[in-house]
Amino acid sequence: MRFSKMFIPTLREDPSDAEAVSHRLMVRAGYVRQLAAGLYIFLPLGWRVLNRINAILREEMDAIGAQEVSMPALHPAEVWQQTGRWYEIKEEMFRLKDRGGRDMCLGMTHEEIMTWLASREIRSYRELPQIWYQIQTKLRDEARPKSGILRTREFLMKDSYSFDTDEKGLEKSYNLHEEAYHRIFQRCGLKYYQVESDPGMMGGATAHEFMAPAAAGEDEIALCDSCGYAANVELAQSVPPPVQFEDWNLEDVHTPEKRTVEEVSEFLNVSPQYFIKSLLLIASDKPVLALVRGDQELHEKKMERIIGSFRPALKEEVKDILGVEAGFIGPMNQKVRIIADSSIKEGVYISGANKQDYHTKGIRPGVHFNADWHDIHVAKAGDGCPKCSAPLRIERCIEIGNIFKLGTKYSEPLKAFYLDANGHEKPIVMGSYGIGPARIAAAAIEQNNDKDGIIWPKAIAPFDVELIPLNMKDGRTVEVAEDIYKRLNESGIDVLMDDRDERAGVKFKDADLIGIPKQVVIGERNLKEGMVEIRDRRTKEAIKVKPEEVVNRLKS
RNA sequence: CGGGGCGUAGCGCAGCCCGGUUAGCGCACCUGCCUUGGGAGCAGGGGGUCGGAGGUUCAAAUCCUCUCGCCCCGACCA
């Protein structure tokens, strides 16, 4: 491809509204343009990258026996009503009516439609297993689109769905995907982790996410370097650092105007881990008192799994229900239900005295109060690994893929049943597996860039090599460039030749910005000795070779 | 949906507080000369509903009200 014939609108300056590195560079290097919040146009370079990623996805999906299909983006409401998601999902779903007044929606995912298809077509265990996939646009009315193409309202997604006769079959399909995903992300040149994830509203029991570490990511994962434990912070467990307790006697201490753990801790000169933080929550109109250690935070998602949805109590509610101001509540002599973090089961603590301006010192859990014990704290860096106790690390990541065991959550309501060998009707056991190609691209940039621009991993770069004839007015330069261009094309190497009549500096800057991993520089200086230069975008190292050797050197 | 910020030429910005020539700068763009190994130089030129609507005023990019859009933080994220 010739640069002069390709639409590559590079920008000299950073776009003002781009924060994330990948966003900034994709706009600046001419890969994407923004149409509106969360809506992006992929320009020729960007589209090439996506297609390269998609080609890898197809190869690896096909390799595990998955079959590509094409699904409508517009869905009738009925299917979504049957699984109940029409009602569960709120503003996130784009809804509309057709001319006949029928309720429709834009597909945010395709469990319903895939299962609908299976329910109509799959009759017998002989037809199973099946894996169907699509690489198509999904639409979600995101509450907050952000970080360029990382979180958009319309996005490409590789979704696959497995259909099996039983759990064992599902296990197999799940493992096939797991392995395929490893191959995919490795081929894409990403650094990533596989972590345990929250199955959430997708239902089902087991789920994993594939996470690419990057500052622009929205997720945090807990990692143990010693045993390999890896989990999304949304569900990660941890053992807070142990505490050497004092043998305090039970007594009330005067703590005037000291309400937060920090304030009381400072006032009494006792570290926060000797405190019990008491938080009053309102769950479906019933108050619940949540207790975590003073140096820990309440994990709302974990709590929600125990008591259902809740909200923090208002100041007045605290007074009404507990009879004391929020800053002085504690676990003793409570009538409300208490859920306490397991990490405070042992020890001697300070907490609110349930009377104004007083805290109680010497509280022994199990002796002075009772509670339901659960893991309700947020795992943080330095906490002990739940498996091996080594200290955990927290890393910020971009979720690039996920795999879920759905079970029969969708097959039952949509009546996707098959007949087993004994003639019994059974629900198909399903799994669903997603990968976001644009997120792979963004993660690759986040992980591979320098002050000059993008440094693409080989497999997903828009081109394999950029040819840079420095002076298009020099006959010899053009002649040699054209010759190398022809040879590269003939040998199946994707090449972009910067044939613009621009100064050398412009071409170098653009080449570095665009980030094609190899550059071949043809300049008069080296041409005098009959040589051209092959440069590595990442290391900036250059080697001189004869023009006719370029193809072979690039192939090796 | 809560909090914050920003809308002035294609891009990046100044001007706005404290109203008053013809709305300015850099880059990009067009023409010519010149130049060709890291975003050159000189000369000339084109390009603006100052996000939109209403109001205050003799006079509004500037003050007031409303509204739309975008970004960031949080909530949310099937």
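Note that the coordinates shown come from a computational prediction; the quantities given were computed from them, not determined experimentally. First the proteins, then the strands, lettered A, B, ... as listed; each starts at 1.
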Among G39(B), C72(B), C11(B), the nucleotide that comes nearest once only the side chain of Lys509(A) is considered: G39(B)
Gap between atoms CG and P, on Leu39(A) and G69(B) respectively (whole Å): 13 Å
base_contact_polar (G37(B) base, Glu524(A) side chain, donor-acceptor, <3.5 Å): no
Closest to side chain of Glu19(A), choosing from A40(B), C72(B), G12(B): C72(B)
Asn471(A) versus Thr477(A), side-chain donor and acceptor atoms under 3.5 Å: no
Tyr174(A) vs Tyr433(A), side-chain contact (heavy atoms from CB on, under 4.5 Å): CA-CA, chis, key distance, verdict: CA-CA 8 Å; Tyr174(A) 193 84; Tyr433(A) 317 87; 3.8 Å; yes
Separation of atom CD1 in Ile514(A) from atom P in G39(B), rounded to whole Å: 17 Å
Check: Gln134(A)/His110(A) side-chain N/O donor and acceptor closer than 3.5 Å: yes
Atom-to-atom span, CZ of Arg311(A) to C1' of C1(B) - whole angstrom: 17 Å
Heavy-atom donor-acceptor pair, Arg12(A) side-chain to A28(B) base, under 3.5 Å: no
Minimum-distance nucleotide (side-chain atoms of Glu533(A) versus G39(B), G37(B), U35(B)): G37(B)
Given G39(B), G12(B), G37(B), the nucleotide with the shortest approach to the side chain of Asn526(A): G37(B)
Gap in Å between the two C1' atoms, one belonging to G24(B) and one to A61(B), rounded: 12 Å
Minimum-distance nucleotide (side-chain atoms of Arg503(A) versus C70(B), G37(B), U35(B)): U35(B)
Donor on one side chain, acceptor on other, Gln296(A) and Asp341(A), under 3.5 Å: no
N/O donor-acceptor pair, side chain Asp14(A) with base G12(B), under 3.5 angstrom: no
Shortest side-chain distance from Glu13(A), nucleotide among G37(B), C11(B), C70(B): C11(B)
Nearest-angstrom distance, C1' atom, U62(B) to U8(B): 11 Å
Separation of atom CZ in Arg144(A) from atom P in C71(B), rounded to whole Å: 9 Å
